[in-house]
Amino acid sequence: MRAYIETMKCEYGNGQNVKLGNEEITLPGGNELLDYYTEYKQLADNLKTTKSALGLRSGIESEVLYDRAQSGLYQYASIGKTGGAETSLYRALTDKESADAASWAEQKEKSAKQLKTGALVAGAGVATGIIGNYLVNERGNKTE
């Protein structure tokens with residue numbers, strides 16, 4: 001899993017990649033329309049003022065333009081990584097301080113204890129089988 005996580009990348013266009021990680025990534029080109037928006041706002045304000053001064057009826061320039069913050073368009077933006085019902089190995093490996101890392105460490109410890117117990121029980125079973133086999137064979141040899 002660790003090797004898989006290290007190879008994870010996200011392509012965002014023209015073969016450009018960003019490596020997956022916990023750092024915030026800002027992709028280029030996000031503010032291309034900001035200059036046009038600003039220019040439109042200035043032109044609309046000038047036109048609105050001019051029409052008002054001339055006593056003309058206002059047009060489209062008087063319509064309210066909303067910021068993206070006011071539009072509600074991005075209100076469902078990503079909330080980031082969230083927990084789940086099961087332990088996430090990805091979150092445990094990428095964030096050593098997370099609840100998933102603690103849960104995974106606990107599961108590893110529990111598994112190690114169960115493995116030791118299983119090995120002891122198996123060893124005792126093999127020893128019992130060898131001793132039982134020896135006793136059965138000894139009794140069989142004495143009756144002859």
Side-chain angles (χ1 to χ4, degrees), residues 1-53 56-142:
M1 179 69 164
R2 199 177 308 270
Y4 177 69
I5 291 170
E6 290 173 2
T7 62
M8 292 177 74
K9 294 183 180 179
C10 181
E11 182 179 333
Y12 62 89
N14 298 329
Q16 297 173 323
N17 295 312
V18 175
K19 187 174 180 182
L20 182 72
N22 291 331
E23 302 85 34
E24 187 170 326
I25 298 168
T26 303
L27 298 178
N31 292 325
E32 289 176 352
L33 295 178
L34 187 59
D35 294 336
Y36 295 121
Y37 175 79
T38 306
E39 182 182 356
Y40 175 79
K41 285 285 282 177
Q42 290 172 347
L43 290 172
D45 288 341
N46 288 340
L47 186 58
K48 188 189 238 182
T49 304
T50 305
K51 279 189 171 183
S52 175
L56 298 174
R57 190 170 47 111
S58 56
I60 193 171
E61 72 280 353
S62 63
E63 294 291 324
V64 177
L65 288 179
Y66 294 102
D67 267 350
R68 70 178 182 181
Q70 297 170 332
S71 69
L73 182 61
Y74 298 101
Q75 68 183 357
Y76 300 111
S78 173
I79 57 172
K81 298 174 187 172
T82 59
E86 302 295 328
T87 300
S88 168
L89 183 55
Y90 171 79
R91 286 191 294 264
L93 291 174
T94 57
D95 185 4
K96 303 291 184 199
E97 304 298 321
S98 68
D100 287 310
S103 177
W104 189 48
E106 182 182 317
Q107 287 177 11
K108 287 194 313 186
E109 184 179 318
K110 183 178 176 183
S111 294
K113 285 180 184 177
Q114 289 176 343
L115 184 62
K116 288 176 189 173
T117 302
L120 288 173
V121 169
V126 168
T128 303
I130 290 172
I131 293 171
N133 189 30
Y134 175 75
L135 292 175
V136 167
N137 287 336
E138 279 299 311
R139 286 188 189 154
N141 289 340
K142 287 184 182 179

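Note: hydrogens, waters and symmetry copies are ignored here, and every other heavy atom, side chains too, is used.
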Pair Glu106 + Lys110, salt bridge at N-O below 4.0 Å: no

Other residues, nucleotides, ligands: >12 heavy atoms within 6.0 Å of Ile60 CD1: no

Gln114 CD: over 12 foreign heavy atoms closer than 6.0 Å: yes

Within this structure, what is the [atom1]-[atom2] distance for the pair [X] and [Y], rounded to the nearest 0.5 Å?
X      : Y      : atom1 : atom2 : answer
Thr117 : Lys113 : OG1   : NZ    : 9.0 Å
Leu120 : Leu115 : CG    : CG    : 10.0 Å
Tyr40  : Leu47  : OH    : CG    : 9.0 Å
Thr128 : Asn133 : OG1   : CG    : 12.0 Å
Lys48  : Asp45  : NZ    : CG    : 6.5 Å

Close side-chain approach of Leu93 to Leu89, heavy-atom, < 4.5 Å: yes

For [X] and [Y], which heavy atoms make the closest approach, and how far apart are they?
X      : Y     : result
Lys19  : Lys9  : CA-CG, 4.3 Å
Ser98  : Arg91 : OG-O, 3.5 Å
Ser103 : Thr87 : OG-OG1, 2.7 Å

